[in-house]
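So the structure is just underneath, and the comments pick up after that.
Fair warning: this is a prediction, and the values are worked out from it, not measured in the lab. Below, chains carry the letters A, B, ... as their sequence lines are ordered, and counting in each starts from 1.
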Amino acid sequence: MNKGRSERYDHKQIEDKWHEHWNAMSLYRTQEDPSRPKCYVLDMFPYPSGDGLHVGHPKGYIATDVYSRFKRMQGFNVLHPMGWDAFGLPAEQFALKNKVHPSTAVAKNCHRFKEQLEKIGFNYDWEREINTTDPNYYKWTQWIFLRLFERGLAYQSNEPINWCPSCLTGLANEDLDGDRCERCGTKVEKKPIRQWVLRITAYADRMLEDLDLLEWPASIKESQRNWIGKSEGAMIDFVHDGATTSVAPLSVFTTRPDTLFGVTYVAISPELTLRYLAEKIIHENAEIEDFAKNLIAEAADVEYGAVTEKRGAFTGAYVIHPITQAKIPLWVANYVLSDYGTGAVMGVPAHDVRDFDFAKQYGIDVLTVVSPQKDTPSDTHLMEAYEGDGYLINSREFNGRENREAIVAIVKAAKGKQQTQYRLKDWVFARQRYWGEPIPLVFEGDSDVAYPVDESDLPVLLPQVEFYEPTGTGESPLAGIPEWVNVKGYITERGTFKLVTNEHPAPVGTKVKDFRRETNTMPQWAGSSWYYLRYIDPKNNEKLVDPTLEHYWSPVDVYVGGAEHATRHLIYARFWHKVLYDIGVVSKPEPFARLQNVGLIMASDGRKMSKRYGNVINPDDVIETFGADSLRLYEMFMGPFDQSIAWSTDNMVGARRFVERVWKLADKVGDIEEDKLTEVLLHQTIAKVGADIEAFKFNTAVAQLMICLNGLEKLVAVPLRSYRAFLLLLAPFAPHMTEEVWLRFEESESIHIQQWPIFDPAKTVGNTVAIAVQVGGKHRDTLHLERDASKEDVEKTARERDLVKKWIDGVEVKKVIVVPNKIINFVI
RNA sequence: GCCGGAGUGGCGUAAUGGUAGCCGCGCUCGACUCAAAAUCGAGUAUCGAAAGAUGUGCGGGUUCAAGUCCCGCCUCCGGCACCA
């Protein structure tokens with residue numbers, strides 16, 4: 001029983017002690033157990049920066065910790081791992097600045113991060129710790145690349161890509177913030193360099209469709225939908241006027257083929273104009289060439305997103321309308337984007353605001369072909385474009401038909417074809433930097449035909465070198481390491497490159513040749529696109545993941561991280577997962593069944609916490625002063641989990657008080673019966689806390705625990721039964737203190753492997769209820785009655801109350817509404 | 001411009017269409033103390049002495065009853081944006 005009065009609550013002593021014990025007894029080690037339901041709870045693993053953690057970082061980790069402890073107590077076999085996303089530009093730049101090798105810096109930073117995390121008392125299974133920079137890990141990142149390569153999902157490109165002149169590397173579209181480098185804010189340039197690109201667009205449709213399978217926040221799904229940007233429409237060809245049959249016609253993409261008869265010009269982007277000039281499709285014309293070049297230069301100058309004046313010029317060339325065979329003037333226009341669709345649009349001024357503006361400005365005809373009412377003559381003097389639906393006019397045999405309904409027929413008549421267009425672009429996957437996974441490909445001689453490295457030669461190790469500064473020429477620093485680049489080997493019958501060394505000579509009779517390695521590395525997103533699978537089988541060197549284990553643990557049940565990953569990590573990981581699904585490595589179509597976004601913790605000044613502003617709160621300091629349990633409780637209590645809220649050390653004090661009051665309450669615990677009121681309170685609390693944790697409403701779960709504590713404190717003596725249940729409910733939030741107190745009353749093992757308390761719905765309600773009395777919708781009195789009292793009794797009692805009489809005497813009561821156990825309203 | 005989300009005390013916030021402000025912070029008063037801190041107790045939306053009235057961004061509406069539902073606005077946050 002009660003082992004004497006408690007000592008003063010010494011969080012430091014208690015927390016250190018339990019970290020050691022839990023470690024020693026491997027309390028949180030996870031093993032597969034097909035007899036129990038599994039629950040895979042995952043945090044977005046951190047990039048271990050040199051600055052260490054601030055109090056905002058662990059908020060999500062605390063939530064998954066609470067959730068996973070709760071699920072374990074409910075009988076689930078829980079997988080809750082942690083690791084490090086340690087490749088990438090930030091790590092490399094940190095290393096350059098501090099004059100250490102990235103691998104040294106990473107090791108140090110990981111160590112520091114782990115130390116900080118351990119102080120918070122997380123229940124991670126550290127035996128499954130992973131690190132994306134570990135060759136045993138990136139072997140499999142490279143392996144996945146080879147699968148992409150062999151399926152034609154990785155291709156080389158010399159198209160101009162986004163080049164950050166400050167980071168000295170190419171960037172994917174997703175790494176841009178408008179037209180600036182998302183990392184350093186520098187305006188990116190278009191630069192044609194050789195790149196590896198992943199064909200993510202091939203999966204656009206499936207990624208869009210399968211969003212419906214996911215229990216994710218609506219905002220994230222919406223962001224992904226916007227990012228993928230699907231448009232249904234048609235591709236329609238306009239033959240160049242006077243061109244020979246060998247010249248390919250000009251294709252335009254349109255979502256409004258129904259307006260085809262309203263085309264009064266066709267506009268092409270300045271880039272396409274230059275190409276047409278070069279190919280002599282447009283007659284040599286220095287004026288137009290200068291004009292197009294100017295438009296390109298201007299566009300590069302203009303602030304991103306700014307709406308600029310529409311400008312254009314007639315090129316002198318014509319195209320032929322696919323149905324009417326009319327000659328349509330070909331214009332160059334600054335509002336036609338070169339990298340969406342075909343870089344050409346059909347101009348329908350009457351039914352597109354942009355085309356209307358352009359046509360007005362240059363005196364181009366406006367021809368109405370859709371009229372909102374049937375049999376209404378067209379308004380030949382439109383004041384603005386009509387983008388709505390209606391009936392076709394001026395459209396020959398299609399006149400009178402509903403515009404949408406006629407689309408298929410018009411496309412057919414124009415010999416066009418239905419087509420879907422996406423905003424999403426293929427993923428620029430190569431980086432011209434040192435600190436990333438080498439892309440496992442080789443080239444023979446000067447050829448640009450790539451051969452995949454044979455699987456038996458994986459991983460392709462990143463060479464340990466002194467000098468790894470970027471070259472700035474667009475080449476990776478690896479290109480400057482000839483002893484790494486130049487290799488000997490042969491091409492196997494499977495078409496793979498097999499390395500030949502002194503230790504591993506070629507089979508007799510094989511012709512060994514010189515090859516050079518691909519020197520680009522992978523972007524930081526590579527390692528994080530599949531890491532959730534590695535935790536399932538972290539030591540496997542034969543397979544990416546054992547199928548039985550994968551089948552047991554997949555998918556991740558709850559994934560927690562910041563909303564800023566909506567269109568990068570969460571898109572890339574879904575893409576890779578679907579490829580792995582197609583080749584049978586994983587068994588579920590989606591990696592993350594449920595996603596919960598964690599809101600930022602802002603500094604108390606309302607700004608982001610940042611070293612730059614000097615407003616960072618270090619969790620180590622908070623834990624030193626208040627303890628990890630208080631920090632955990634406060635971060636869960638501060639507000640809705642997904643909302644960003646400012647840190648307040650004042651409010652932090654409240655959490656600490658709560659912990660101390662629970663601690664002190666142990667002194668009042670006695671082996672006595674639970675009275676009815678306390679029983680109801682406990683059952684209500686069990687119900688509420690469980691439901692709230694499941695729903696990630698930790699703030700109201702903690703509030704309920706406080707309500708419960710307030711109730712227990714009012715008792716002269718606290719029944720052991722009640723206190724026990726309370727500790728169990730609090731254990732996921734405050735694992736150290738509850739463990740310490742628990743073992744004062746129990747001979748048993750840890751509180752964290754106990755059964756979660758069960759509640760009886762019948763016991764969550766008391767015998768009496770408070771019923772509000774309203775007269776004319778206004779609150780006038782409160783009745784305390786037996787629960788489930790009849791409507792008649794409630795009304796009778798209410799009518800006898802002075803406070804009610806006062807309002808209903810002398811007025812006509814038209815109606816009486818009674819909501820059982822809640823409210824009675826006299827309608828007057 | 002399109003899409004998604006949010007506006008409630010001094011502050012963080014809470015409310016299956018059913019007593020708006022639970023819980024916490026702060027503040028006020030009281031107890032304990034030589035004193036202070038800590039702790040404990042009482043109070044704390046606004047106006048009003050009270051009765052009562054008012055009150056969830058603004059304006060309408062539906063309903064016996066609206067923070068919650070509907071219509072029209074305003075503001076803030078996030079995504080996309082000359083995307084054809």
Base paired to B:rU63 (Watson-Crick or G-U; both N/O distances under 3.5 angstrom): none

Listed nucleotide nearest any side-chain atom of A:Q643, set B:rU13, B:rU19, B:rA84: B:rU13

Touch class at under 4.0 angstrom, heavy-atom based, for A:D650 against every strand present: sugar-phosphate

Lys/Arg N to Asp/Glu carboxylate O, A:E792 vs A:K796, below 4.0 Å: no

Sugar-phosphate only, base, or nothing, as touched by A:K778 at under 4.0 Å among non-hydrogen atoms: sugar-phosphate

Sugar-phosphate, base or nothing in reach of A:P217, heavy atoms under 4.0 Å: nothing

Nucleotide nearest A:K822 (side chain, heavy atoms from C-beta), chosen from B:rC23, B:rG12, B:rU16: B:rU16

Distance test, side-chain N/O of A:R423 to OP1/OP2 of B:rC80, below 4.0 Å: no

Whole-angstrom distance between B:rC23 and B:rA45, as gauged at atom P: 12 Å

Interatomic distance, A:H54 atom NE2 to A:I601 atom CD1 [nearest 0.5 angstrom]: 8.5 Å

Side-chain-base donor-acceptor pair under 3.5 Å for A:T308 and B:rC82: yes

Sugar-phosphate, base or nothing in reach of A:A267, heavy atoms under 4.0 Å: nothing

Rounded interatomic separation in angstrom, taking CG from A:N710 and C1' from B:rG41: 13 Å

Residue whose nearest RNA chain B nucleotide is more 5′ - A:M706 or A:M638: A:M638

Presence of A:S648 side-chain N/O under 4.0 Å of B:rC11 phosphate oxygens OP1/OP2: no

Separation of B:rU39 P from A:L665 CG (nearest whole Å): 16 Å

Sugar-phosphate only, base, or nothing, as touched by A:I645 at under 4.0 Å among non-hydrogen atoms: sugar-phosphate

Side-chain N or O of A:N825 closer than 4.0 Å to phosphate OP1/OP2 of B:rU19: no

Sugar-phosphate, base or nothing in reach of A:D357, heavy atoms under 4.0 Å: nothing

Sugar-phosphate, base or nothing in reach of A:D355, heavy atoms under 4.0 Å: nothing

Touch class at under 4.0 angstrom, heavy-atom based, for A:K697 against every strand present: nothing

Polar contact flag, side-chain donor to acceptor under 3.5 angstrom, A:Q224-A:R574: yes

Under 3.5 Å on both distances, the Watson-Crick or G-U partner of B:rC23: B:rG12

Check: A:Y362/A:D357 side-chain N/O donor and acceptor closer than 3.5 Å: no

Whole-Å gap separating C1' (B:rG12) and CE (A:M636): 14 Å

B:rU19 to B:rA65 separation - C1' atoms, rounded to the nearest Å: 11 Å

Below 4.0 Å: OP1/OP2 of B:rG4 and any side-chain N or O of A:N226: no

Proximity to the side chain of A:R780 - top-ranked nucleotide from B:rG18, B:rC80, B:rA53: B:rA53

Residue A:V827, side-chain atoms from C-beta onward, closest of B:rC64, B:rA14, B:rG18: B:rC64

Aromatic ring pairing A:Y9/A:W663, orientation class (parallel under 30°, perpendicular over 60°, tilted between): tilted

5' priority, RNA chain B, between A:S644 and A:Y340 [closest heavy atom]: A:S644

Side chain of A:R354 (C-beta onward), nearest among B:rC23, B:rC83, B:rA14: B:rC83

Gap between atoms CD1 and P, on A:I823 and B:rU19 respectively (whole Å): 5 Å

Touch class at under 4.0 angstrom, heavy-atom based, for A:V336 against every strand present: base

Touch class at under 4.0 angstrom, heavy-atom based, for A:R225 against every strand present: nothing

Salt bridge present between A:D10 and A:K12 (N-O < 4.0 angstrom): no

Opposite nucleotide pairing with B:rC76, Watson-Crick or G-U, both atom distances under 3.5 Å: B:rG5

Sugar-phosphate, base or nothing in reach of A:W807, heavy atoms under 4.0 Å: sugar-phosphate

Sugar-phosphate, base or nothing in reach of A:R656, heavy atoms under 4.0 Å: nothing

Distance-only donor-acceptor test (3.5 Å): side chain A:K814, base B:rC64: no

Nearest to side-chain heavy atoms of A:E222, which nucleotide of B:rC83, B:rG4, B:rU13: B:rG4

Whole-Å C1' distance, B:rU56 and B:rA6: 13 Å

Syn/anti state of B:rG55 by chi, 90° boundary around 0: anti

For B:rA81, the Watson-Crick or wobble counterpart (both distances under 3.5 Å): none

Sugar-phosphate only, base, or nothing, as touched by A:R661 at under 4.0 Å among non-hydrogen atoms: sugar-phosphate

Rounded distance in Å - CD (A:Q224) to P (B:rG79): 14 Å

Closest to the A:T700 side chain, choosing from B:rG18, B:rC22, B:rA14: B:rA14

Sugar-phosphate, base or nothing in reach of A:Q421, heavy atoms under 4.0 Å: nothing

Nucleotide opposite B:rC40 in a Watson-Crick or G-U pair, distances under 3.5 Å: B:rG30

P spacing across the pair B:rA42 / B:rA49, given as an integer number of angstrom: 27 Å

Value in whole Å for how far the P atom of B:rU16 lies from CG of A:N821: 17 Å

Base B:rC25 to side chain A:N651, donor-acceptor N/O within 3.5 Å cut-off: no

Out of B:rC23, B:rG18, B:rC80, whichever nucleotide has its closest atom nearest the side chain of A:Q774: B:rG18

Rounded P spacing from B:rG24 to B:rA31 in Å: 24 Å

Salt bridge flag under 4.0 Å for residues A:K791 and A:E795: no

Nearest-Å distance once atom C1' is located in both B:rC3 and B:rA53: 43 Å

Under 3.5 Å on both distances, the Watson-Crick or G-U partner of B:rA53: B:rU46

Test of ring centre spacing under 6.0 Å for A:F358 and A:W331: yes

Whole-Å C1' distance, B:rC25 and B:rC74: 31 Å

Donor-acceptor side-chain pairing of A:E174 and A:Y572 below 3.5 angstrom: yes

Ring centres under 6.0 angstrom apart (A:W227, A:Y422): no

